[in-house]
Protein chains: 2
Amino acid sequence: MKLASNLQEQVASHLRRRILSGQLLPDTPLREQTLAEEFGISRGPIRDALLHLTKEGLLVAKPNVGVKVAAEPSGLKRNVIVHLRREIEASAVTAWFGARDAGLLGRLDDNLALYREACGGSDLGQVVELDMAFHRLIVEAADQGSLVDLWLPIMLRMFLRYSRHRDLMESYREHAAIVRAMHAGREWEALEALKSHIV
Amino acid sequence: MKLASNLQEQVASHLRRRILSGQLLPDTPLREQTLAEEFGISRGPIRDALLHLTKEGLLVAKPNVGVKVAAEPSGLKRNVIVHLRREIEASAVTAWFGARDAGLLGRLDDNLALYREACGGSDLGQVVELDMAFHRLIVEAADQGSLVDLWLPIMLRMFLRYSRHRDLMESYREHAAIVRAMHAGREWEALEALKSHIV
DNA sequence: TGAATGTCATTTGTCAACAATCAATACCCA
DNA sequence: TGGGTATTGATTGTTGACAAATGACATTCA
């Protein structure tokens, strides 16, 4: 976990985590002044952070009124988001099979170990964090990470509705299956496992 | 053309237009102080605007250093972007065919007339503006416009490399073909025309 | 009554001054 | 001469005060 030197990033990370872990529910309003006092800083960096999160799709803003936590995407939108994520991550995996940099495999293995542990525990925030990190590793590995900024807002919108009732261990097994196929060099299998995992 | 009441949006629109029309080339640095003096306002709204554009992918920021105009997307990234745009806009068109709200057809017809004129002229900024507006109308029409915020950053990244040498009139004819198919109620034809137009 | 208008508190928008950081370069010393 | 280090100027990061906009509520007049 890297911590940024500037306040706006720290605030953004903190709020992002609280939203994704479900501590902040949709429609919850966030006031600049309140947050400023809560963090013990001025409104400036808070503004920046809220702007960040708004552009990431986690908040919605109305001029002169304020921001609130975004609602879960509608059926159509969610469906589109799933397709976009598949497209991006599949492209990344395909690109990886062109070079097969072993570094990625190591990082995925490390992540898997932590993820397995987290899925057994009760800290949903940690689970979300590691799940996202897994997919981020894959996207980062392709094309010098150029796809990350495209992928992140899409991923975040999807995680707005991180199912509170999903079978976490099943999710872990799906991650493991993807990595196993990559280790074995079976591209088609990896892509199929990836696509069926993104739902 | 709607003009926002708050400065940050005005600044963002202005800079966005200058970047998309090619007046500001990739890697051009943008300094907060300089822009503030240029617009005759303080650095606050400038900061907000730059943050906006950074999240939209038109600028890239380095902490404590500043922002510059983003480079054109790499081959792989551009390829992904094309697929994402097709996915989103095709979904929107499909959704439209489910309801066939006539209002959209009228707006598209109006846009087409203006676009034809602009393509004959020499104001590339105007052409870009209308081209984007055309696709935006389509995306906005579906699902109460919920797809717009997903679509916009993708669209903008693609327009970073708005071909300065493309055949504008051909582009107009492609737009017209899409609208014609929609008027006639031929869904498959509209989707094909749309997909082959996005390249 | 009820629609229109005025007011008031809350919240965001804007500003200018100050602090922290970075990158380039001049400097020192082996 | 070359490598490492302090200095300096430019630029972003942060702050607190003030201005403007909004929405809710009270008030007025037909």
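Computed over heavy atoms, backbone and side chain alike; hydrogens, waters and symmetry mates excluded. No experiment lies behind these values; they were computed from the predicted model shown. Letters A, B, ... mirror the listed sequences (proteins, then strands); counts begin at 1.
Among the heavy atoms of the strands, none lies under 4.0 Å from B/Leu50. As judged by a 4.0 angstrom heavy-atom cut-off over every strand, A/Leu30 is placed among residues touching the sugar-phosphate backbone only. Contact annotation for B/Gly44: no contact, since no heavy-atom pair falls under 4.0 Å across all strands.
The aromatic rings of B/His175 and B/His197 lie perpendicular to each other, with more than 60° between the two planes, well past the 30° mark.
Atom-to-atom, CG of A/Leu7 to C1' of D/dT12 comes out at 13 Å; the value is rounded to the nearest Å. The separation between A/Asn6 atom CG and D/dT15 atom C1' is 15 Å, rounded to whole Å. Look at CD on B/Gln8: it is 14 Å from C1' on C/dC15, rounded to the nearest Å. The distance from atom CD of A/Gln33 to atom C1' of D/dC18 is 13 Å, rounded to the nearest whole Å. Atom CZ in B/Arg43 sits about 6 Å away from atom C1' in D/dT12, given to the nearest Å. Distance A/Asn64 CG to C/dT12 C1': 6 Å, rounded to the nearest Å. Between the CD atom of A/Glu9 and the C1' atom of D/dT12 there is a distance of 15 Å, given to the nearest Å. In this structure, the CG atom of A/Leu35 is 15 Å from the P atom of D/dT14, given to the nearest Å.
In this structure, the side chain of A/Arg17 does not engage the main chain of A/Gly125 through any donor-acceptor pair within 3.5 Å.
Contact record, B/Gly120 with B/Met169: N-CE, 3.9 Å, taken as the closest heavy-atom pair.
Comparing B/Thr34 and A/Val65 by the nucleotide of DNA chain D that holds the closest heavy atom to each, the one mapping nearer the 5' end is B/Thr34. Heavy-atom nearest nucleotides on DNA chain D were determined for A/Asp48 and for A/Lys62, and the one closer to the 5' end corresponds to A/Asp48.
Proximity note for A/Arg47 (side chain, C-beta onward) versus C/dG13, D/dT14, C/dC15: the nearest is C/dG13. Listed nucleotides: C/dT21, C/dG13, D/dT14. Nearest to the side chain of A/Glu32: C/dG13.
Other residues, nucleotides and ligands contribute over 12 non-hydrogen atoms within 6.0 Å of the CZ atom of A/Arg173.
Salt bridge status for B/Asp143 with A/Arg78: absent, with no side-chain N to carboxylate O gap under 4.0 Å.
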